[in-house]
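These notes are about the structure you will find just below.
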Amino acid sequence: MVVEVPPEPERHSRSMMSPRCPRGVPAVSPRCPHGVPSSPGIDLERVFEYSEYWEAARGLYAAFDCTATMKSGNADVYENEIPGGQYTNLHFQAHAMGLGHKFKEVKKAYTEANKLLGDLIKVTPTSKVVGDLAQFMVQNGLSREEAEARADELSFPLSVVEFLQGHIGVPPGGFPEPFRSRVRPAGHWGDWEGLGVLGMGLGGTGGDWEELGGTVPLP
């Protein structure tokens, strides 16, 4: 037998961003939509006071709240592979850059930017690199093909350039070519490729990737 366990009720001030019913609902409704039994023994006035407190407290953090621009989630993350934590940040950034009305395009560009960068494992900070490139592409009306073809003349975001310079490591599949070689560097590419791992001067010490255990600390 399958037993459906109803979600725990959430306080009113947060239930709008949650599948949970407001905490006060079971106290006043014969049955909550998810089957929470009635008469839970909760003092409704106390529930209201509790919710009013958190409603006021939440207002103090409104500037940092994802609901400033986003009111609900979207299952399209299965398509664009935007990490959950970055999704709300990217949405807020798009609005700040005047791209809020083009967020659908930004999400599609995220997929293309990821492919352009070599299909990265998206964790902080690599996910930021992909997001910055995606917004750059939308802001400048660039497709993946156009961004690659014009790589030698475009001024890409610094995070993208530094990623291609190896500032945060070498991706498992290596850097995307010929895209990497065509991007204008910030300063000089340097000769890190001719040294040891990531230009840390390890070549002169006889150190190699295996001796380091296959890991390199972030700069």
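From a predicted model like this one, the values you see are computed outputs, not experimental measurements.
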List the atom of G169, the atom of P171, and the distance in Å for their closest heavy-atom pair.
O-CD, 3.9 Å

K115 backbone acceptor or donor facing D119 side chain under 3.5 Å:
no

When rounded to the nearest 0.5 Å, the distance separating CG of D152 from OG of S181 is 11.5 Å

Heavy-atom side-chain proximity of I82 to L90 below 4.5 angstrom
yes

Compare every heavy atom of G141 with every heavy atom of E146, then report the nearest pair and how far apart it is.
OE1-O, 3.5 Å

Looking only at heavy atoms, what is the nearest atom pair of F156 and F179, with distance?
CZ-CE1, 3.8 Å

Say you draw a straight line from CG of L120 to OG1 of T126; how long is it, rounded to the nearest 0.5 Å?
5.5 Å

Non-hydrogen atoms of V161 and R184 that approach each other most closely
CG1-O, 3.8 Å

Is the count of non-hydrogen atoms from other residues, nucleotides or ligands lying under 6.0 Å from E79 atom CD greater than 12?
no

When you check the side-chain N and O atoms of D132 and S159, is any donor under 3.5 Å from an acceptor?
yes

Drop me the distance from R182's CZ to L164's CG, to the nearest 0.5 angstrom.
13.0 Å

Common cluster, I168/V170, ILVMFWY with side-chain heavy-atom separation under 4.5 Å:
yes

Output, in order, the C-alpha distance, side-chain angles, deciding distance and verdict of side chain to side chain contact (heavy atoms under 4.5 Å, CB included) for L142 and R150.
CA-CA 10 Å; L142 300 168; R150 298 174 55 192; 3.5 Å; yes

Rounded to the nearest 0.5 Å, how far apart are CD of E148 and CG of L154?
11.5 Å

How many angstroms lie between CZ in R180 and CG in L116, if you round to the nearest 0.5 Å?
14.0 Å

Would you indicate whether I121, at its atom CD1, is surrounded by more than 12 heavy atoms from other residues, nucleotides or ligands within a distance under 6.0 Å?
no

Side chains of Y110 and Q86: donor-acceptor distance under 3.5 Å anywhere?
yes

Parallel, tilted or perpendicular: which one describes the rings of H95 and H91, with boundaries at 30° and 60°?
tilted

For the residue pair V130 and A113, what are the closest heavy atoms and their distance?
O-CB, 3.8 Å

Exercise answer: donor-acceptor pairs, residues 96-109 side-chain atoms, under 3.5 Å, sequence neighbours excluded:
unit_1 : atom_1 : unit_2 : atom_2 : d
K107   : NZ     : D76    : OD2    : 2.6
K107   : NZ     : Y87    : OH     : 3.1

Check whether any side-chain heavy atom of K122 sits under 4.5 Å from a side-chain heavy atom of N114, and report yes or no.
yes

Are V129 and V77 grouped together when hydrophobic residues (ILVMFWY) are joined by side-chain heavy atoms under 4.5 angstrom apart?
yes

R144 CZ to E112 CD distance, which is reported to the nearest 0.5 Å
5.5 Å

